[in-house]
Protein chains: 2
Amino acid sequence: MDRRRIVGLTPTLIADAGLELVEGAEPFGVNAIARKLGVRPSSLYKHVSGLDDIVELMRGRLVERYRTLPADQPWDAFVEDVVRRQRRMYADHPALLPFLIGKTITSPTVIDAYDDLAVALQSGGFPDDEILTLVGMIDAFALGFGLELASPEQVWQPEAPTQLFGKLLAGSQSGPERVERSFELALDVLLVALRDRLPSRDQE
Amino acid sequence: MDRRRIVGLTPTLIADAGLELVEGAEPFGVNAIARKLGVRPSSLYKHVSGLDDIVELMRGRLVERYRTLPADQPWDAFVEDVVRRQRRMYADHPALLPFLIGKTITSPTVIDAYDDLAVALQSGGFPDDEILTLVGMIDAFALGFGLELASPEQVWQPEAPTQLFGKLLAGSQSGPERVERSFELALDVLLVALRDRLPSRDQE
DNA sequence: ACCTGAACACCGTTCAAGT
DNA sequence: ACCTGAACACCGTTCAAGT
């Protein structure tokens with residue numbers, strides 16, 4: 001009997017083990033993944049090229065789970081859905097964020113998702129030379145608010161008297177609710193701004 | 001002669017050494033800072049409690065440098081200035097970002113800067129129960145676009161054919177210009193939205 | 001072909017020892 | 001009081017050796 005078959009590592013298995021770690025707020029890394037898979041760290045290197053590769057695979061797996069496909073809906077409904085899901089994705093995996101940022105995106109699924117967004121904006125009537133700009137804006141938006149949601153309960157902790165800030169923090173609603181409100185407000189603002197910017201078309 | 005005086009470590013010296021490292025895109029960490037200061041890593045622990053402490057001190061030093069004080073200007077001019085400077089701060093120190101995110105902010109200077117923003121919004125006429133929400137929104141905004149600016153030249157790198165995205169990327173302006181455009185557009189949108197949201201006051 | 005074991009060059013942190 | 005030196009428990013990665 002071939003002992004190798006018992007293990008049967010694959011890039012997908014490795015990525016999913018990594019996702020389970022970050023979702024469980026467990027320590028994350030090459031060694032931790034190997035431990036979770038009951039294998040030696042060096043074994044992973046036959047299937048992936050290193051930690052960066054694993055992280056990009058994880059990004060792909062995440063987008064597969066969280067993305068929404070464009071259906072028969074207006075472009076702005078699709079954008080809203082994309083932003084909401086993307087933000088939730090980031091917020092559900094805060095521990096992965098430091099690894100995701102600042103790295104070139106190559107995962108085909110992820111590129112596809114951005115492609116869908118670009119197509120939606122185009123068919124909504126936006127000119128080609130503005131679409132990447134808008135995609136970048138939507139991306140920065142989702143990321144910024146994902147980070148906000150991933151922040152600790154106490155984002156600010158004043159240790160000295162303030163003019164106003166400390167009083168507001170003391171009297172404010174619990175963190176999650178406030179963060180949710182600022183997201184809803186900002187999302188509304190984003191969508192209004194996008195509709196505003198849309199070149200006018202024939203009245204229906 | 002007292003050999004101790006030759007070294008003379010302080011928290012500020014340690015933080016500034018860390019900033020020089022991230023600004024020079026050199027490897028960053030406790031050991032790297034110690035090397036830069038010509039001292040053993042263990043020596044730092046008499047002055048700071050660890051890496052997290054150092055990072056929070058660095059955040060404070062950064063805000064000291066980048067923040068703007070409220071002068072005789074309308075609230076929206078101040079908000080615009082704050083967002084621009086905050087974004088530039090993040091973009092000038094991309095390597096620090098993974099360490100900054102998701103940590104409670106305690107640095108007095110940083111708290112003061114948020115306090116100024118809160119006061120500006122209040123004196124602009126926003127109701128108290130909305131100010132933290134707006135501060136959170138402005139914060140997420142600056143962070144999201146700072147990240148965008150800190151991204152690699154090639155944010156997206158399709159490896160398979162796309163419907164539209166690949167064509168747009170090929171025909172687009174260079175990365176920095178596009179990112180700059182999406183920031184200017186979004187900042188404009190943010191300010192319009194804030195002014196819109198301001199409860200109406202007596203006409204001047 | 002695929003996994004192991006040992007090795008390498010790193011981390012951040014603690015703590016007794018020196019001065 | 002402040003810095004060193006040694007030690008500890010980790011990292012990510014490489015590579016010869018096993019099957």
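Sequence lines set the chain letters: A, B, ... in the order given, protein chains first and strands last, and positions in each chain run from 1.
- Contact annotation: B/Arg35 reaches the phosphate of C/dC11 (side-chain N/O to OP1 or OP2, under 4.0 Å).
- Remark: A/Arg178 does not engage A/Glu153 in a salt bridge, criterion side-chain N to carboxylate O under 4.0 Å.
- Comparing D/dC3, C/dC2, D/dA6 by their closest approach to the side chain of B/Leu9 singles out D/dC3.
- For B/Phe99 and C/dG12, the CZ to C1' distance is 11 Å, given to the nearest whole Å.
- The partner of D/dG5 is C/dC15, by the rule that a Watson-Crick or G-U pair needs both atom distances under 3.5 Å.
- If you check C/dC3, C/dC15, C/dG12 against the side chain of A/Val39, the one that comes closest is C/dC3.
- Nucleotides of DNA chain D nearest to A/Ser43 and A/Pro27 differ in position, and the one nearer the 5' end is that of A/Pro27.
- Projected onto DNA chain D by closest heavy-atom contact, B/Pro41 and A/Val30 fall at different nucleotides, the more 5' of which corresponds to B/Pro41.
- The pair B/Arg65-B/Glu23 counts as a salt bridge, with a side-chain nitrogen and a carboxylate oxygen less than 4.0 angstrom apart.
- Nucleotide D/dC2 holds its C1' atom 15 Å from the CG atom of B/Leu37, rounded to whole Å.
- Pair assignment for D/dC10: none, as no Watson-Crick or G-U wobble contacts are both less than 3.5 Å.
- In this structure, B/Glu184 pairs ionically with B/Arg84, as a charged nitrogen and a carboxylate oxygen lie closer than 4.0 Å.
- The side chain of A/Tyr45 approaches D/dT13 more closely than any other nucleotide in the set D/dT13, C/dT4, D/dG5.
- Rounded to whole Å, the distance from CD1 on B/Ile33 to P on C/dT13 is 11 Å.
- In this structure, A/Arg40 reaches the C/dG5 phosphate: one of its side-chain N or O atoms is under 4.0 Å from OP1 or OP2.
- Counting to the nearest Å, the C1' atom of C/dC11 and the CD1 atom of B/Ile54 are 13 Å from each other.
- OP1 or OP2 of D/dC3 has at least one side-chain nitrogen or oxygen of B/His47 nearer than 4.0 Å.
- To the nearest angstrom, C1' of C/dT13 lies 14 Å from NZ of B/Lys46.
- Checking C/dT4, C/dC11, C/dC15 against the side-chain heavy atoms of B/Asn31 singles out C/dC11 as nearest.
- Cation-pi geometry between A/Arg87 and A/Phe183 is met: under 6.0 angstrom from the ring centre, within 45 degrees of the axis.
- In this structure, a donor-acceptor pair under 3.5 Å is present between the side chains of B/Gln86 and B/Asp139.
- Rounded to whole Å, the distance from CG on B/Asp53 to P on C/dT14 is 12 Å.
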